[in-house]
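A short write-up of the structure that comes next.
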Amino acid sequence: AQSVAQPEDQVNVAEGNPLTVKCTYSVSGNPYLFWYVQYPNRGLQFLLKYITGDNLVKGSYGFEAEFNKSQTSFHLKKPSALVSDSALYFCAVSATDSWGKLQFGAGTQVVVTP
Amino acid sequence: ETGVTQTPRHLVMGMTNKKSLKCEQHLGHNAMYWYKQSAKKPLELMFVYSLEERVENNSVPSRFSPECPNSSHLFLHLHTLQPEDSALYLCASSQDARASPYEQYFGPGTRLTVT
């Protein structure tokens with residue numbers, strides 16, 4: 001079985017400050033890890049993924065995430081947050097035999113204040 | 001979001017109605033998915049289709065009936081729903097369902113309200 005935990009329901013950050021959204025996972029074997037973002041009344045948009053290789057993954061809109069196997073974490077980061085980054089962020093994990101089955105976390109609401 | 005389209009965007013139906021949700025992907029993908037998104041809950045995978053074959057049915061009640069006539073179209077037929085079925089229904093597609101590394105692309109969703 002696979003699972004994802006996003007320990008924070010909401011993250012508040014001032015514009016221009018660094019943004020971190022936490023994610024830990026549990027999966028049998030090697031994980032495939034994803035981050036998605038959802039704006040109000042919209043579907044989910046893919047931000048980035050980790051498959052293998054370099055532990056630091058760069059994605060869309062200046063976001064990056066760091067895979068840490070020993071801590072089973074995949075935290076999303078952005079060096080300088082924008083008000084437009086305010087949205088709901090989802091971490092997801094899948095395994096090689098899961099028929100593309102993504103297990104999503106419950107989501108973290110990011111609020112960036114001017 | 002124009003890669004995956006969903007209609008209608010909003011739907012209100014009574015418990016005795018029959019309606020269908022439609023999804024179309026313009027990305028040339030081979031896999032399509034239905035998800036249910038309820039407030040304060042993680043996304044729930046409902047169905048997975050790979051090359052028009054259903055490969056996952058995640059213990060979904062029979063009042064939800066999927067149909068995938070080709071790799072570009074996916075339907076979700078609804079009948080005798082319950083108020084707790086009110087949610088945002090999201091369609092997604094990916095290059096291949098069997099190979100997990102492929103990211104999924106989501107449509108904007110259909111906001112369903114059951115009265």
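Below, read A as the first sequence line, B as the second, and so on, with proteins coming before strands; counting in each chain starts at 1. Hydrogens, waters and symmetry mates play no part in the numbers below; they use all other heavy atoms, side chains included. Nothing here was measured: the structure is a model prediction, and the numbers come from that model.
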(message) Looking at Tyr61(A), I want to see if its OH is surrounded by more than 12 non-hydrogen atoms of other residues, nucleotides or ligands under 6.0 Å.
(response) no
(request) Output every pair passing salt bridge (charged side-chain N to carboxylate O under 4.0 Å, His left out) with a member in residues 42-52 of chain B, not counting sequence neighbours, ordered by first then second residue. (result) Lys41(B)-Glu44(B)
(message) When you group the ILVMFWY residues by side-chain heavy-atom contacts below 4.5 Å and let the links chain together, are Tyr33(B) and Leu78(B) in the same group?
(response) no
(request) Find out whether Ile51(A) and Tyr102(B) are in side-chain contact, i.e. whether some heavy atom of one side chain is under 4.5 Å from a heavy atom of the other. (result) no
(request) Sequence neighbours left out, what pairs pass salt bridge (charged side-chain N to carboxylate O under 4.0 Å, His left out) with at least one residue falling in residues 28-37 of chain A? (result) none
(message) Phe34(A) vs Glu103(B), test: side chain to side chain contact (heavy atoms under 4.5 Å, CB included). Steps then yes/no.
(response) CA-CA 8 Å; Phe34(A) 303 80; Glu103(B) 60 271 23; 4.1 Å; yes
(message) As an exercise, state the distance from CG of Leu44(A) to OH of Tyr35(B), rounded to the nearest 0.5 Å.
(response) 9.0 Å
(request) Verify the cluster assignment for Leu21(B) and Phe106(B): are they in a single hydrophobic cluster under the rule of side-chain heavy atoms below 4.5 Å apart? (result) no
(request) List the atom of Phe90(A), the atom of Gln37(B), and the distance in Å for their closest heavy-atom pair. (result) CZ-NE2, 3.5 Å
(request) Check each atom of Gln38(A) against the heavy atoms of chain B and say whether the ones under 4.5 Å are side chain, backbone, both or neither. (result) side chain
(request) Go through the atoms of Gln6(B) and report whether side chain, backbone, both or neither lie under 4.5 Å from a heavy atom of chain A. (result) neither
(message) With clusters defined by side-chain heavy atoms of hydrophobic residues (ILVMFWY) lying less than 4.5 Å apart, directly or transitively, does Tyr89(B) cluster with Met32(B)?
(response) yes
(message) Please enumerate all residues that pass side chain to side chain donor-acceptor pair (under 3.5 Å) together with Glu53(B), with sequence neighbours excluded.
(response) none
(request) Indicate if Leu43(B) and Met46(B) have the same hydrophobic cluster label, given that clusters are the connected sets of ILVMFWY residues with side-chain heavy-atom separations under 4.5 angstrom. (result) no
(message) Are there residues of residues 104-114 of chain A whose heavy atoms fall under 4.5 Å of chain B's heavy atoms? If so, which?
(response) Phe104(A), Gly105(A), Ala106(A)
(message) Do Val12(B) and Leu76(B) land in one hydrophobic cluster if side-chain heavy atoms of ILVMFWY residues count as linked below 4.5 Å?
(response) no
(request) Check for a donor-acceptor pair, side chain of Arg111(B) on one end and backbone N or O of Asn41(A) on the other, with a separation under 3.5 Å. (result) no
(message) Is Tyr36(A) close to chain B through its backbone or its side chain, or both, or neither, when contacts mean heavy atoms under 4.5 Å?
(response) side chain
